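To keep things clear, I will list the structure first and then write my remarks on it.
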Amino acid sequence: MKTVTIGKNDAGQRLDKFLTKSYPNLPQSMLYKAIRKKDIKCNGKRCQISDRLQEGDVLSMYLKDEFFQTSPEQYDFLKAPLKLSIVYEDENLLLLDKKPGLIVHPDEHYHFDSLIARVQHYLYEKGEYNPKDENSFAPALVNRIDRNTGGIVVAAKNAESLRILNEKFRTRELDKRYLCLVWGHMPKKEDTLQAYLSKNESQNRVYISDSPQPGGRTIQTRYRVLREKRDCSLLEIDLLTGRTHQIRAHMAHIGHPLLGDGKYGKNVSNRQIGFSWQALVSYRLRFAFTQEAGILEYLNGQEFTAHSVWFLPEFEKMAD
């Protein structure tokens, strides 16, 4: 038998969701059967799959030990560097200035370094996170940006903050703005563009069309021209929809690809400027809550900017 006491970060979850995350070696069919046969009890009583767990609840599980995953003595995230550029931090969250070239989550080429691994390593060293103290929660990123894009990424330190922030991003109560450099001059000083985006998973790229396509999704991109040079323009972007590669692909579709963008841009022109990454940074984040934000209400109205925008010094050097 194994007993587990539900902690603060586990509260509010459905019983089956909690058990699935906590014990991946336990097959779902066996999990449901154990609940049905009362081999899994909550506070000594029969429970249902959809029951919501409360802090302090005690689960008793009469199952073989092989189904309970033990915590490893070494954690992969400890192999990640501790290097982080922190824009803001409090007891609930971190705002991080991710540099281009760093992945946010592990991928098929993962070698123990990602932004989330660095965050977990940092919080572990601070004593704010220890996997042994958690049943199902781990500090998590709320938003993500491409490997070769820089800018602000939000990390939640606890489950309640993660739940609130996920909802606020979904309802667009967190206002994100981007800076980018595009080739040429825009037809208007500001505009809202609409098109349709289709994703090709095998190619890891998207395609834009001006008319609806099977499987395509509507995209809207609002831009404002901040400055112009002879060959390029500095834009502020507001994503009204947040699709994969939206800014890069949408700008390229209208004939103004991002400087340094090897996937959607002009490689001949890119070689002349020598940028290693696409000139795109998520540079500003404002908390603009219109509905109650619980423990994060104190952030409402606050605005944060990235420490630096790496391509602006190069933009200043370009000929007018």
Side-chain angles (χ1 to χ4, degrees), residues 85 87 95-104 107 115 143-154 175-193 195 197 199 203-208 219-286 303-320:
S85 179
V87 175
L95 301 185
L96 306 157
D97 186 356
K98 186 192 86 69
K99 303 307 177 187
L102 178 65
I103 56 175
V104 292
D107 62 10
L115 183 62
N143 63 312
R144 63 178 66 194
I145 52 180
D146 296 341
R147 175 199 291 265
N148 293 333
T149 299
I152 296 178
V153 178
V154 184
D175 182 22
K176 293 183 298 177
R177 298 299 170 97
Y178 296 78
L179 289 180
C180 67
L181 291 181
V182 300
W183 291 109
H185 294 171
M186 305 299 288
K188 299 179 181 179
K189 294 302 181 184
E190 56 183 285
D191 198 6
T192 298
L193 309 173
L197 179 148
K199 189 173 182 179
Q203 296 178 358
N204 187 29
R205 69 175 295 147
V206 302
Y207 294 89
I208 309 295
I219 58 171
Q220 290 184 314
T221 308
R222 180 182 295 153
Y223 74 83
R224 180 165 63 96
V225 178
L226 301 182
R227 288 184 62 190
E228 294 178 337
K229 295 282 188 173
R230 183 174 61 191
D231 297 323
C232 63
S233 303
L234 174 65
L235 308 183
E236 181 185 69
I237 301 287
D238 179 13
L239 282 180
L240 303 184
T241 54
R243 314 294 188 207
T244 301
H245 299 175
Q246 178 176 327
I247 296 173
R248 300 164 59 190
H250 207 169
M251 291 297 109
H253 176 69
I254 64 170
H256 299 280
L258 272 62
L259 277 65
D261 190 346
K263 186 181 291 285
Y264 301 101
K266 302 176 181 178
N267 288 325
V268 173
S269 301
N270 287 335
R271 282 193 289 270
Q272 296 174 359
I273 58 168
F275 282 6
S276 299
W277 337 100
Q278 62 258 11
L280 177 64
V281 167
S282 176
Y283 85 107
R284 194 179 80 190
L285 175 70
R286 185 170 66 89
E303 182 174 298
F304 301 90
T305 56
H307 289 151
S308 62
V309 177
W310 63 268
F311 53 79
L312 287 183
E314 296 302 318
F315 177 69
E316 295 296 336
K317 296 176 186 177
M318 295 178 182
D320 289 317

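Model, not experiment: these values are computed from the prediction. Note that the numbering runs from 1 along the sequence shown for the chain.
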Could you tell me whether the side chain of Q246 and the main chain of T241 form a donor-acceptor pair under 3.5 Å? yes
Counting N and O atoms only, with roles assigned by atom type, does the side chain of K229 sit under 3.5 Å from a partner on the main chain of L234, one being a donor and the other an acceptor? no
In Å, rounded to the nearest 0.5 Å, how long is the span from NZ of K317 to CD1 of I273? 13.0 Å
Side-chain (D261) to main-chain (Y264) donor-acceptor, under 3.5 angstrom: yes
Tightest non-hydrogen contact, residues L259 and C232, listed as CD1-CB, 3.9 Å
Quick check: are there more than 12 heavy atoms from other residues, nucleotides or ligands sitting under 6.0 Å from CZ of R144? no
Begin from the C-alpha positions of I237 and T221 and carry the test side-chain contact (heavy atoms from CB on, under 4.5 Å) through to its verdict. CA-CA 7 Å; I237 301 287; T221 308; 3.8 Å; yes
Quick check for you: to the nearest 0.5 Å, what is the distance between N148 atom CG and F275 atom CZ? 13.5 Å
Mind running salt bridge (charged side-chain N to carboxylate O under 4.0 Å, His left out) on D238 and R224 for me, showing each step along the way? CA-CA 9 Å; D238 179 13; R224 180 165 63 96; over 6 Å; no
If you define the side chain from C-beta out and look only at heavy atoms, does anything of T149 sit under 4.5 Å from V281? no
Considering all heavy atoms, the nearest H250-I208 contact: N-CG1, 4.2 Å
Give the minimum heavy-atom separation between V153 and N143, together with the two atoms involved. CG1-O, 3.3 Å
Is the backbone N or O of N204 less than 3.5 Å from a side-chain atom of K199, with the two atoms forming a donor-acceptor pair by type? no
Could you give the side-chain donor-acceptor pairs of residues 176-184 under 3.5 Å, partners two or more places apart or in another chain?
unit_1 : atom_1 : unit_2 : atom_2 : d
R177   : NE     : D175   : OD1    : 3.1
R177   : NH2    : D175   : OD2    : 3.4

Close side-chain approach of L102 to R147, heavy-atom, < 4.5 Å: no
All heavy atoms of S282 vs all of A306, minimum pair found to be O-CB, 4.4 Å
So, taking the atom named CG in L197 and the one named NE2 in H253, what distance separates them when rounded to the nearest 0.5 Å? 10.5 Å
From F315 atom CZ to M318 atom CE, the distance as rounded to the nearest 0.5 Å: 7.5 Å
Charged N to carboxylate O below 4.0 Å: is that the case for R227 and E316? yes
Distance-minimising heavy-atom pair for I152 and T305: CD1-C, 3.8 Å
Is there a side-chain contact between R248 and K263 in this structure, where contact means two heavy atoms from C-beta onward sitting under 4.5 Å apart? yes
Can you tell if the side chain of M251 reaches within under 4.5 Å of the side chain of L235, non-hydrogen atoms only? yes
V206 versus T244, closest heavy-atom pair with distance: CG1-O, 3.5 Å
Is any side-chain heavy atom of L280 closer than 4.5 Å to one of I247? yes
One should read off an interatomic distance between W277 CH2 and W310 CH2, to the nearest 0.5 angstrom, of 8.5 Å
Stepwise side-chain contact (heavy atoms from CB on, under 4.5 Å) test for H256 and S233: CA-CA 9 Å; H256 299 280; S233 303; over 6 Å; no
D97 side chain to H307 main-chain N or O, any donor-acceptor pair under 3.5 Å? yes
Atom pairs and distances, donor-acceptor, side-chain atoms in residues 186-193, under 3.5 Å, two or more places apart:
unit_1 : atom_1 : unit_2 : atom_2 : d
K189   : NZ     : E228   : OE1    : 3.3
K189   : NZ     : E228   : OE2    : 3.1
T192   : OG1    : R222   : NE     : 3.4

Give, for atom CD1 of I103 and atom CD1 of I145, the distance between the pair rounded to the nearest 0.5 Å. 13.0 Å
